[in-house]
Peer 1: 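Sharing a structure below in structure tokens format, with a few things to ask.
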Amino acid sequence: MDSTRSSALHARALTFVDAFERGEPPPDFDRLATDLARYQADHVPGFARLCRARGIDPAALAHANDIPPVPTDVFKLARVATFDPSEARASFRTSGTTVGARGSHDMRDPSTYETAALAFGRHWLMRDIEEKIPVVVLGPSPAAAPDSSLVHMCKGFVDAFGEPASTSETWLVDGEILDVSSFDSRVANALALDKPILVLATSFALVHFLDAIGDATFELPRGSRVMQTGGFKGKSREVSAGELRSELSRVFAIPERSIVAEYGMTELSSQFYERTLFEIDAPHSLYAEPPWARVVPVDPETLAPLPDGETGIAKVIDLMNVDSAVVVLTQDRVRRPVGRGGFELLGRLPGAPSRGCSIAIDELLGGAKTRSLDVN
Amino acid sequence: MRTERTSASRTSDVLRLLRTARGIVERRGALTPALVASTGLSVAGVELALTKHLELDATNAELASLVRHAGDAKTVAVILSSNVFVGALRAIAIARAASEDVLVRPSRRDPAFARALVDAADDPAIRLDERFDVPSLPEGEIHVYGHDSTIADVRARALPGVRVVGHGSGMGIAWISGRADLASAAGDLAHDVVAFDQRGCLSPRIALVEGPQNRTDRFGELLHLALDDLARLVPRGVLPAEERAESERYIATMTYASRVLVGRDHVVGVAPSGAPLVASPSYRHVHVVAVPDEPSGSAFLAPIASALVAVGSDDLAAARRIAPRWARIGALGFMQRPRLDGPVDLRPA
């Protein structure tokens, strides 16, 4: 572990956030990305092997797109970190599957991730509100889910954006129970004071909420917004994104554009948001990227970047993954629309269609790659 | 009015079908190109399937078991899909043992062998019906071979009173015991992997090696060499684009996380001890895992037990101990030659 070099790279990563918050052009993306790749190759034998196998000399890297991506499955099999486990100040676990252990993403300095998450989250969820407002999370508390990166991020949002409230008033899932009553109380108080509420929730928690209230409505105060993330993971019935958003809009009595989907995963330090809350013409499913992360659609076989308009799998270049993997290969299908920024999220890459009766192991495993609220 | 069929007559009908299949194999020259085209196997792969993995022989006890298992039905419709092509013989044999009215809907992608078998059988009780529609069967049974989604669709569309018997996707695993001669086991396992390019429900996709990591590493190396040798005789068939993508992903994952041995027509990934299972494609990709002992092997298999159709091993007793109760147990090298004693897949419905 080279903590001096790591700290310097963290500092450089944070200059991207500083520039973003000051409205200034970002520093040189490729330069930091390739420096991160060199650092990671120097300290992670697995990544060095991957570079060699791909015929890549890290010392010669000049472009972020030339860095070999690390498949998300690696996080389940190996420790993706440049430092000793004893130096981890945060350790997040990947989604649970029914087969084998979960992977982990260790962080030596989570403050970089936290700073970036807060900056971009503020920009797409809260940039129009200066004062603190009620924030509720339809999820377990940090104490109940200490290894969830989603919960960790939500805590950052609660601390930064939320007015003071008790744990039980903020984190509304305890075990299997969703505390609709506490949610109702927070909403009632906010309505009385005409304060908007920020709701942070996973898709399956929102489905459970809708099922719990049945035909009732649950009007939120004017100006409220909902951050919705993740899939259903077999924890609830599956609902299409459009259907869920429409139903939430009706129940909460807020416009659909106030329901903002977030795309992230434990293997990444950066997040991506729909732009609908602040860009009136922005469609849902079109995500904004921070200046420190890029989503590149690539050909699943060759990993060559695809032109705008073509669908590929998401290769994510994440400058905040300082001590892990600067480039991650997901299993999500994405497309960059022609003529506008951002990317569209098109669902998970289906496994190869079976041409025999041998089962696709991918079907067996069936785990999503997004963050989980699993506690175990 | 249906006449009573004795076990002897059912057995006789099955034997006649086996003789038909034997004749097809003897005259296979004309059929092979069609099989290569539809299956994607190499010429040698088709030859291997026909000459080594078509169940042409069965003991009296095995046939009796098949007939017993088949039961009795007025009509049996056999829907073949996503199957290794030789599976049509067993499927039709079981149906014929059960019924004097068998209709066969071959796989749309891979109809050649089933068509040839039915045509050559010249048995008025067996007919092809390539447009068979599930709700058109008023009574009897439908035996469907394919994906779980296909089976579910058939169940949903079948009329009440029609019994649907599904045979879905599955897999095999190999248990390499602590006492195994690694070179011999690797050579035998290679034969099981190569058959049908590992696309059958018996095909071993994972090898659990009992013992320390270095023993597993050695086994992986030996399996790699054995698969390379065998590929010279039986090259892999066409690797479709989606599988190439999954292969590349698996290679990258194992390169980073542990170790991977990439051959001309195969990939052997050697996982770190205690690591969870990750997705690997078929088409001659074997995921090799070290497990310290049999209880650990059982524990590793427990979450995927519902998918296990077969366990092969150098130690059949050990395989029986770690396998789910329904799994077919066979010697390495013979995993893809199950006895003709009933359906290949013995998992509970």
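Order of the sequence lines sets the chain letters (A, B, ...), proteins ahead of strands, with each chain counted from 1.
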Peer 1: Under the criterion side-chain contact (heavy atoms from CB on, under 4.5 Å), I'd like the reasoning laid out for B/Arg249 against A/Gln331: C-alpha separation, chi angles, the key distance, then a yes or no.
Peer 2: CA-CA 10 Å; B/Arg249 189 182 183 97; A/Gln331 289 188 299; 3.2 Å; yes
Peer 1: Between B/Tyr256 and A/Val80, is there a side-chain heavy-atom distance shorter than 4.5 Å?
Peer 2: yes
Peer 1: How many angstroms lie between atom CD1 of B/Ile251 and atom CG of A/Leu50, to the nearest 0.5 angstrom?
Peer 2: 11.0 Å
Peer 1: Mind ranking A/Val44, A/Val74, A/Val70 by heavy-atom pairs under 4.5 Å with chain B and telling me who comes out on top?
Peer 2: A/Val74
Peer 1: Counting heavy-atom pairs closer than 4.5 Å to chain B, which one of A/Pro71, A/Cys51, A/Pro300 comes out on top?
Peer 2: A/Pro71
Peer 1: For a quick test of reading the model, state the closest non-hydrogen atom pair linking A/Leu77 to B/Ala275 and the distance between them.
Peer 2: CD2-CB, 3.5 Å
Peer 1: Just so I understand: if I count every heavy-atom pair under 4.5 Å between each of B/Pro272, B/Ser282, B/Ser258 and chain A, which residue has the most?
Peer 2: B/Ser258
Peer 1: Roughly how far, to the nearest 0.5 Å, is the CZ atom of A/Phe47 from the OG1 atom of B/Thr255?
Peer 2: 12.5 Å
Peer 1: Output the distance between atom CD (B/Glu248) and atom OG1 (A/Thr302), rounded to the nearest 0.5 Å.
Peer 2: 9.0 Å
Peer 1: Check whether B/Arg244 reaches the backbone of A/Glu301 with its side chain - one donor and one acceptor, N or O, closer than 3.5 Å.
Peer 2: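 Checked: no pair found.
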Peer 1: What part of A/Ile313 is in contact with chain B, defined as an atom under 4.5 angstrom from a non-hydrogen atom: side chain, backbone, both or neither?
Peer 2: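 A/Ile313 touches chain B through side-chain heavy atoms alone.
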Peer 1: With only heavy atoms counted, which part of A/Arg52 is less than 4.5 Å from chain B, the side chain, the backbone, both or neither?
Peer 2: neither
Peer 1: Specify which of B/Pro281, B/Gly172, B/Gly170 makes the most heavy-atom pairs with chain A at under 4.5 Å.
Peer 2: B/Gly170
